[in-house]
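Worksheet for the structure shown next.
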Amino acid sequence: MSITTVNPATGEDIETYETLSPVDAFAKVDACHEAFTKWKLQSLEDRASVIKGIGKALRDNKEELAQLMTREVGKLIGDSRDEVELCAGICDYTAAKGPTDLADEKRDPSNAGRGIVTYSPIGVIYGIQPWNFPAYQVIRYAIASLMAGNGVLLKHSSLCTGSGLMIEKIFGEGGLPENLFTVLVIDHDTSDAIIEHDKVRGVTLTGSDGAGRHVAQKAAAVIKKTVMELGSNDAYLVLEDADLDVAVKVCAQARLYNNGQTCINGKRFIVTDKVYDEFVEKYVARFEGVKTGDPTDEDSGMGPMSSSDLRDELHEQVEESVKKGAKIACGGSVPDKKGAWYPATVLTDVAPGQPAYDDELFGPVASVIRAKDDEDAMRLANESRYGLGGGILSGDTDRAIELASKHFDTGMVYINTYGVADPAMPFGGVKDSGYGREHGGFGMKEFVNAKSIFIGAA
């Protein structure tokens, strides 16, 4: 069996890769475990030094990796370069904070003279990652796991197979011991078998909630720890006192960043009745002004979607929503040209029962929903099975913070801004958006054994 990567901007094939047999894949798992048995004995400071070296290697290879990511998944070239820089920043943060965050902790137990809590690595961690951020999705879990002393396996999306293999090479250039980070080019059946492998101790997945359920069930059957970062239908609230120019700018960026293909993109834009008409007018005008074009062109405002299949799936969701009452304010049609192109699209009259309201639309389609008032907007935002991120646009920052902390049922909230991720802040969601946290020091402790050591009085 083989995998062929395709340039979504042109529809042309890039490269073909042979998949591993189960026997060959298992041999790589065994080799990763063997490398782990040595890596786990390295000091925290020595591990941090290697992580720092990986960050340097990422920067040294930034342009080549960025160009490859853009060819494979259609990201704007500037966004690809920014992604590599974010990955290097994660390495820098982890190298700086890891030795302190993972250091032994002294405790005073009542049943012994003293106590120590030590964060021991558990073994090989298997990551199943998507295509929308070919480098970042890998770095996010891999660097934290390596800092903790674990070995790491990667099954990357077939759409960006080349990027995954290049990252493996970059890790080696950065000084990581051989086999400690290993890419598995495998099919789904072999992936399920890897989860069950006795030398795999933890599993992390970024993807749809359907994929999360499948993988979590497979791991639970063999009692293995998992971290799930799943889909979402993030709501951005435009409250009555919002600065509409700021709101339109932020909400457009929140929907269209990365060609609209980000788990933490804004998808539902819940606008209070008082400002609804003015917001929609300005929002549609901004979407109509988006220049779609060659993602390698610095002047392009949006590139293609990552594949024609995913583009067609998105369009079906739009058409189904329209059949059930939604209206297309702009966009909403498939261009007659090669590639996975789709225009920046705004849907209004979005209501329950439509895919645009209930589900995740993973592409450049914004669902605008009218709310009676601010209280109703908050209620509608939480009326979702998902809970990854969200946003609040308001002139009263203190009130927005209170809404975010006490009422917004998500893992992350952006107030009068939009962002994707930051190494210093925890990343993850609740409800059908998954569980577990990455970044902010939390990711380094997801796959460790918090071990208690009791020492008798001298």
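- Y342 and T292 share no donor-acceptor pair across their side chains, judged by distance under 3.5 Å alone.
- Evaluated for a side chain to side chain contact (heavy atoms under 4.5 Å, CB included) with V73, the options P134, S157, P304 yield exactly one hit, P134.
- Between H156 and F181, the ring center distance fails the sub-6.0 Å criterion.
- Rounding to the nearest 0.5 angstrom, the gap separating the CG atom in D104 from the NZ atom in K451 is 10.0 Å.
- Distance check, rounded to the nearest 0.5 Å: CZ of F408 to CD1 of I392 gives 5.5 Å.
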For residues 48-55, which side-chain donor-acceptor pairs fall under 3.5 Å, sequence neighbours excluded?
none

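- Residues D209 and R213 are paired through a salt bridge, judged by an N-O separation under 4.0 Å between the basic side chain and the carboxylate.
- Using a cutoff of 4.0 Å between basic side-chain nitrogens and carboxylate oxygens, R385 and D359 are scored as salt-bridged.
- The backbone N or O of I122 lies less than 3.5 Å from a partner atom in the side chain of R201, making a donor-acceptor pair.
- Checked by atom type and distance alone, the side chain of E446 never pairs as donor or acceptor with a backbone atom of V227 at under 3.5 Å.
- Residues satisfying the salt bridge (Lys or Arg N to Asp or Glu O under 4.0 Å) criterion with E63, sequence neighbours excluded, are R81.
- Distance CG/L239 to CD1/I270: 10.0 Å, rounded to 0.5 Å.
- Because its NZ or CZ atom is both nearer than 6.0 Å to the ring centre of F133 and within 45° of the ring axis, K75 counts as a cation-pi partner of that residue.
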